[in-house]
Amino acid sequence: MADQDGKKIKDPLTGVETTGHVWDDNIREFDNPLPRWWLWAFYMSVIFTLWYWVVYPAWPSGLLEKGYTLGTKTITYDSDAGETKTTHWNTRALLAHQMQTNKSELIRQKMVKEIAETPFDTIAADPQQSKFVLAYGKSIFGDYCAACHQRGGQGVIGHYPNLIDDAWLWGSDVSDIETSIRKGRKGNMPAHKGSLTADEIEQAAHYVLSLSKQSSDVVAIEKGKAIFNTKGCSGCHMPTAMGMKALGSANLTDHIWTQADVNGTDDAGKKLAAVKQVITEGIQREMPAWESRLKDDEIKILVSYIKLLSQN
Amino acid sequence: MLKHESIETNAVLLIVLTLVAISIGGLVEIVPLFYIEGTIEDVKRADGKDAVRPYTPLEQVGRDIYIREGCYNCHSQMIRPFRDEALRYGHYSLAAESQYDHPFQWGSKRTGPDLARVGGKYSSSWHVKHLNKPKSVVPESIMPNYPWLLKTDLDFSDVQAKMKTLKKVGVPYSQTKEEYAANVEQFGEDVAKMLDVNHAESNLMAQEKAKNFDGIPDRITEMDALVAYLQVLGTMIDFSKHDETEFIEFR
């Protein structure tokens with residue numbers, strides 16, 4: 001219990017006076033003043049507040065047009081239409097102002113614009129520009145694309161295609177890649193479990209594997225070839241099985257697989273099972289369209305970034 | 001001079017001064033609530049209707065799952081008007097965009113990225129894989145798995161009650177003919193249909209059937225609802241159709 005005997009004792013060791021409160025008969029409390037530096041900091045912050053109230057928007061008031069005091073600080077920025085505007089200080093105007101004046105932002109914009117106006121081959125030949133594209137591209141690729149195509153662009157087999165190899169579903173030209181990013185892509189191969197028997201699917205799979213020399217079952221390959229050419233496969237994959245850019249149908253003759261994990265195993269049975277699985281279930285996958293989310297110059301950088309990665 | 005001691009030893013004075021201090025704090029928080037209308041931007045589509053609409057029944061139920069699972073503990077939904085955020089996430093969030101959120105999900109904790117504009121960024125099938133097991137698509141992810149979302153059928157028996165409750169706090173879902181007509185006026189016919197409480201269940205099922213967010217054709221799962229919600233976030237306003245000045249001058 002605190003109790004007040006009113007006696008303020010000077011502590012013999014420190015020379016500081018006590019408050020006069022006594023607990024449990026003998027526990028007393030020092031009466032140290034607040035440190036001077038602390039008090040001054042406090043007074044200074046009160047003065048700072050008064051300044052702040054005047055300079056920045058601070059006090060609400062129904063009597064004013066905007067409903068609050070506007071402060072004395074103003075910001076000048078250019079509207080999208082190109083008009084120069086001046087307004088009271090606010091974070092939105094500040095952002096617009098910074099995007100137009102900040103030193104590193106201007107450098108960024110200049111570099112990005114330069115890339116946007118340069119043809120890809122020139123970028124690839126210029127070490128300075130390639131370096132910028134690789135660095136800048138890496139960060140936007142990380143923000144928007146890596147969730148599917150993975151950090152290095154290597155993709156996930158069966159789900160998201162590899163962007164750094166030589167094989168392209170939708171074409172390897174700068175303009176093809178740009179269209180892929182702008183408009184998105186829908187990869188679509190129908191399931192064949194209704195239209196082909198289990199045997200036919202197995203034979204077709206043997207044929208597909210034989211195209212990259214991974215099956216030697218001559219009888220099945222021969223039958224599979226007939227199925228491939230008569231049951232619709234060749235309509236999408238072409239009679240050469242090299243694929244068709246306009247449909248995004250895979251080239252089945254290269255050693256590169258994006259859906260069936262053939263290269264992931266040495267076991268012939270597992271390779272066959274992987275291809276059978278794709279033919280049986282088909283493929284439905286989607287690349288989102290980025291046109292409305294990304295700016296034109298960002299898309300240009302991404303295209304160049306992917307091209308550079310796949311060339312190296 | 002008024003010393004601490006004289007306040008602390010005088011109960012009545014202490015109470016009076018405490019009340020004064022608390023009411024200043026209280027007023028500062030409460031008074032602005034009466035002026036909230038004036039802080040919400042009026043954003044119109046090209047056809048003159050409101051750009052920002054309340055959630056459809058499926059999205060609203062998905063939002064409740066978002067809150068139930070505590071996604072807000074790691075994700076904010078508020079892009080601030082800073083340069084780095086503009087470069088990474090897109091246009092800063094407007095007050096208008098969360099005007100029908102009760103409670104809003106602004107937050108400030110960002111263990112994961114901000115989700116205010118995640119709608120349309122990924123395909124729905126990516127969201128399904130990601131929510132089921134984030135590491136399957138983002139190997140370095142520390143986000144927890146939510147495997148039950150795909151396994152659990154969506155319980156939407158109370159969707160009408162939810163909409164009616166939200167209506168009480170000002171979300172314009174319609175129950176009467178007049179309210180429906182007002183919604184047609186404000187949001188256009190297509191949206192107004194989705195906001196009709198009387199058809200909430202059939203609207204919910206129709207949206208799921210049309211989009212099949214979870215990739216499972218014959219079931220409506222919790223995943224359907226949550227992904228429907230994620231896919232609409234930040235997509236209602238087409239910022240390319242607005243001059244930045246419009247939003248700056250509003251401030």
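Residue numbering restarts at 1 for every chain, and letters A, B, ... go by the order of the sequence lines.
Looking at A:His88, its side chain does come within 3.5 Å of a backbone N or O of B:Arg251 through a donor-acceptor pair.
Heavy atoms only, all atoms of each residue included: A:Tyr144 and B:Leu87 are closest at OH-O, 3.4 Å. Heavy-atom minimum distance, A:Ala96 versus B:Ile248: CB-CD1, 3.7 Å. Among all heavy-atom pairs drawn from B:Leu94 and A:Arg92, the shortest one is CD2-NH2, 3.8 Å. Shown here for B:Gly119 and A:Arg293, the closest heavy-atom pair between the two residues is O-NH2, 2.6 Å. Contact record, A:Pro288 with B:Gly120: CB-O, 4.1 Å, taken as the closest heavy-atom pair. In this structure, B:Lys121 and A:Trp290 approach most closely via the heavy-atom pair O-CH2, 3.2 Å.
Looking only at heavy-atom pairs under 4.5 Å with chain B, the residue among A:Ser139, A:Ala147, A:Ala93, A:Ser79 that has the most is A:Ala147. Per-residue heavy-atom pair counts under 4.5 Å with chain B were compared for A:Pro57, A:Gly67, A:Cys148, and the maximum is reached by A:Cys148. Counting heavy-atom pairs closer than 4.5 Å to chain B, the top-ranked of the candidates A:Gln98, A:Glu105, A:Glu83, A:Glu298 is A:Glu105. Highest contact tally toward chain A, considering only B:His91, B:His130, B:Glu140, is held by B:Glu140 [criterion: heavy-atom pairs under 4.5 Å].
More than 12 heavy atoms of other shown residues, nucleotides or ligands fall within 6.0 angstrom of atom CG in A:Leu34. Around atom CZ of A:Arg151, no more than 12 heavy atoms belonging to other residues, nucleotides or ligands sit under 6.0 Å away.
Only the side chain of B:Tyr92 comes within contact range of chain A, judged by heavy atoms closer than 4.5 Å. Neither the backbone nor the side chain of A:Asp78 comes within contact range of chain B; no heavy atoms are under 4.5 Å apart. For B:Ser240, no part lies near chain A; criterion is any non-hydrogen pair under 4.5 Å. Using a 4.5 Å cut-off between heavy atoms, B:Glu249 contacts chain A through both its backbone and its side chain. Neither the backbone nor the side chain of A:Arg285 comes within contact range of chain B, judged by heavy atoms closer than 4.5 Å. Proximity to chain A is limited to the backbone of B:His242, based on heavy atoms less than 4.5 angstrom apart. Proximity to chain A involves both the backbone and the side chain of B:Tyr122, based on heavy atoms less than 4.5 angstrom apart. Proximity to chain B involves both the backbone and the side chain of A:Asp143, based on heavy atoms less than 4.5 angstrom apart. Contact annotation for B:Val28: neither backbone nor side-chain heavy atoms come within less than 4.5 Å of a heavy atom of chain A.
Under the 4.5 Å side-chain criterion, counting only non-hydrogen atoms from C-beta, B:Arg80 is not in contact with A:Thr91. Counting heavy atoms from C-beta on, the side chains of A:Gln150 and B:Pro139 come closer than 4.5 Å. The shortest distance between side-chain heavy atoms of A:Asp80 and B:Thr245 does not fall below 4.5 Å.
In this structure, CD on A:Gln284 lies 12.0 Å from OG on B:Ser123, to the nearest 0.5 angstrom. Here the OG-CD distance, from B:Ser124 to A:Glu286, works out to 7.0 Å after rounding to the nearest 0.5 Å.
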